[in-house]
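To find a chain, count down the sequence lines: A is the first, B the second, and so on, and within it residues start at 1.
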There are 2 protein chains.
Amino acid sequence: MSRSASPNAVAGVAALIGDPARAAILLALMGGRALAAGELAAHAGVTPQTASGHLARMLAAGVLAQEKQGRHRYYRLASAEIAETLEALMAVAARVEPRRRAPGPRDAALRLARTCYDHAAGRLGVALAEALAARGYVRLADGAAAVTEEGQAFLAALGVEIGAGRRPLCRACLDWSERRPHLAGRLGAALLEHALASGWVRRAGEGRALLLTPAGLRELPLAFGLPSDWAEERP
Amino acid sequence: MSRSASPNAVAGVAALIGDPARAAILLALMGGRALAAGELAAHAGVTPQTASGHLARMLAAGVLAQEKQGRHRYYRLASAEIAETLEALMAVAARVEPRRRAPGPRDAALRLARTCYDHAAGRLGVALAEALAARGYVRLADGAAAVTEEGQAFLAALGVEIGAGRRPLCRACLDWSERRPHLAGRLGAALLEHALASGWVRRAGEGRALLLTPAGLRELPLAFGLPSDWAEERP
DNA sequence: GCGATGCTTCGGTAACGGCCGAAGCGCGGC
DNA sequence: GCCGCGCTTCGGCCGTTACCGAAGCATCGC
């Protein structure tokens with residue numbers, strides 16, 4: 001009865017994710033951008049009215065947020081916690097399902113670089129985190145607030161603008177494919193935004209994949225001191 | 001169709017957690033110990049035969065592991081990933097449900113110290129992680145393998161024996177109540193085991209709560225250099 | 001051996017929830 | 001103003017599944 005973190009609440013959230021159509025919607029929103037109800041219906045493979053019901057439920061539960069714009073309604077994940085939960089579920093699901101050998105080009109691209117809600121993940125995200133830590137600009141050990149003074153100066157010189165807000169400045173988010181941490185929080189979001197603005201990476205379509213541009217391949221290692229083999233696959 | 005990390009697999013795992021009875025079972029197993037089928041049925045508030053069905057499904061899905069012992073069958077979480085996913089879901093659920101103000105003594109104890117599957121969490125887990133990082137024994141920035149050489153020596157001198165295995169040596173696991181990272185992985189498990197063996201903490205009943213003993217209150221700060229106010233609640 | 005205990009399998013019931021067709025709002029365009 | 005489009009609400013159908021009672025296997029104690 002006086003259970004600490006009620007099983008029912010956990011079950012409620014999990015059940016919300018536990019429907020194929022809703023899971024497809026949530027995964028589509030992992031790209032970090034808000035999508036219109038109709039697009040999400042197409043992603044999930046259901047009719048608009050069915051999707052509308054799902055969206056209303058997830059909105060009421062606080063899992064999604066809504067933005068009205070003209071006759072469109074755009075939905076996005078309500079918080080970074082939701083995105084983290086989805087990544088954790090993906091890690092379990094990848095282990096659980098035998099994962100028939102089909103690591104197509106799309107999968108390879110995702111392992112190299114992708115968005116995790118609003119920050120960069122994949123080998124790119126991991127390499128950035130490790131390079132910044134190695135140079136003493138970031139200390140993940142401190143937990144929530146972990147950019148050093150040198151890091152502040154470095155990022156400012158680079159032109160990375162970190163927004164204000166309630167969210168933690170810097171957090172470690174465990175990677176689904178790499179199983180090593182990458183940078184999340186406001187810093188993670190700012191780094192992704194800077195990389196996009198600098199033309200180092202581009203979003204590939206509406207999914208989560210990020211495309212590394214020639215400029216990025218050239219300038220990213222210089223800017224952040226990435227090792228020369230950062231883009232290469234590991235065992 | 002060729003979606004990267006199939007929505008269906010994610011939905012399948014989430015749906016497994018998304019039933020009140022199964023969620024209760026999984027949360028009961030977050031204590032890290034294996035429990036018998038009958039105990040789990042009682043925890044979930046269902047009859048043994050109903051629980052048996054749930055357990056069989058989760059076993060087949062690879063979410064639970066089973067150990068037969070005489071006429072008892074003990075179940076435990078199959079992997080640390082499952083535990084992480086549950087913690088993430090709890091974080092979301094805590095945000096989502098208005099959380100009526102009832103932080104009873106039990107809740108306070110959980111925030112102070114609890115097990116997270118097989119390692120220590122709560123303020124104790126966070127304080128340990130930060131103290132070890134501050135003294136240069138652990139560097140979370142490196143990701144998976146993050147105990148420094150000094151740390152190896154320190155832990156060996158202390159008598160903490162880190163087991164072998166496939167699991168990462170050291171990982172950061174984000175805390176549900178503190179929202180700061182604590183140590184997981186083989187190191188986290190070894191630290192908890194050492195604290196239990198030293199009589200610094202005791203398991204409270206079958207739940208996840210850990211009781212700090214007088215010896216622990218005295219010796220833990222000395223052994224790990226915890227700050228004097230580590231046990232106090234923060235805003 | 002025998003009965004008791006712990007767990008599982010089987011069968012039937014009941015309820016929850018996803019799905020779509022049709023109809024109802026709200027906004028934008030001509 | 002009218003029509004078209006996007007999204008939502010309503011009503012009914014149907015599949016899935018959680019649940020329990022009863023029976024079937026194992027294992028332990030006597």
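The residues A:Glu67 and A:Arg76 are annotated as salt-bridged, a charged nitrogen and a carboxylate oxygen being separated by less than 4.0 angstrom. Of the charged side-chain nitrogens involved, none lies within less than 4.0 Å of a carboxylate oxygen, so that B:Glu193 and B:Arg203 do not count as a salt-bridged pair.
At the heavy-atom level, A:Ala36 lies under 4.0 Å from the strands shown only through sugar-phosphate atoms.
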Please tabulate, for side-chain N and O atoms in residues 59-66 of chain B, each donor-acceptor pair with protein atoms closer than 3.5 Å (sequence neighbours left out).
residue	atom	partner	partner atom	Å
B:Gln66	NE2	B:Tyr75	OH	2.8

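The interatomic distance linking B:Ile25 (CD1) with C:dC7 (P) rounds to 12 Å, in whole Å. Atom pair B:Ile17:CD1 and D:dA18:P shows a separation of 14 Å (rounding to whole Å applied). The separation between B:Leu16 atom CG and D:dT17 atom P is 11 Å, rounded to whole Å. Residue B:Leu55 contributes atom CG, which lies 13 Å from atom P of D:dA18 at whole-angstrom precision. Look at CZ on B:Arg22: it is 9 Å from P on D:dT17, rounded to the nearest Å. B:Leu59 has its CG atom 15 Å from the C1' atom of C:dT9, to the nearest Å. Per the geometry, CG belonging to A:Leu40 stands 12 Å off C1' belonging to D:dC7, to the nearest Å. One atom, CD of B:Gln66, and another, C1' of C:dT8, lie 11 Å apart when rounded to the nearest Å.
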Starting from the C-alpha separation in whole Å, work towards a yes-or-no answer on side-chain contact (heavy atoms from CB on, under 4.5 Å) for B:Ile17 and A:Leu89.
CA-CA 10 Å; B:Ile17 310 176; A:Leu89 278 169; 4.3 Å; yes
Determine whether A:Glu84 and B:Val92 satisfy the following criterion, side-chain contact (heavy atoms from CB on, under 4.5 Å), listing intermediate values before the conclusion.
CA-CA 9 Å; A:Glu84 287 159 34; B:Val92 172; over 6 Å; no
For B:Val10 and A:Leu26: C-alpha separation, side-chain torsions, deciding distance, then whether side-chain contact (heavy atoms from CB on, under 4.5 Å) applies.
CA-CA 10 Å; B:Val10 171; A:Leu26 290 169; over 6 Å; no
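Both B:Gln49 and A:Thr50 lie close to DNA chain D; mapped to their nearest nucleotides by heavy-atom distance, the more 5′-ward contact belongs to A:Thr50. Mapping A:Asp19 and B:Pro48 onto DNA chain C via the closest heavy atom, the residue that lands nearer the 5' end is B:Pro48.
For A:Thr47, the listed nucleotide lying nearest its side chain is C:dC20; candidates were C:dC19, D:dT8, C:dC20. Nearest nucleotide to the A:Arg57 side chain, out of C:dG17, C:dC7, C:dC20: C:dG17.
Between the side chain of A:Arg22 and the backbone N or O of A:Leu16, at least one donor-acceptor pair lies under 3.5 Å. The backbone N or O of A:Trp200 lies less than 3.5 Å from a partner atom in the side chain of A:Thr213, making a donor-acceptor pair.
Rounded to 10°, the helix from C:dG1-D:dC30 to C:dC30-D:dG1 has 30° between the axis fitted to its first five pairs and the one fitted to its last five.
Environment of CD in A:Glu219: crowded, with over 12 heavy atoms of neighbouring residues, nucleotides or ligands closer than 6.0 Å.
Applying a 4.0 Å cut-off to non-hydrogen atoms, the residues of residues 68-79 of chain A that approach DNA chain D are A:Arg71, A:His72, A:Arg73, A:Tyr75, listed by residue number.
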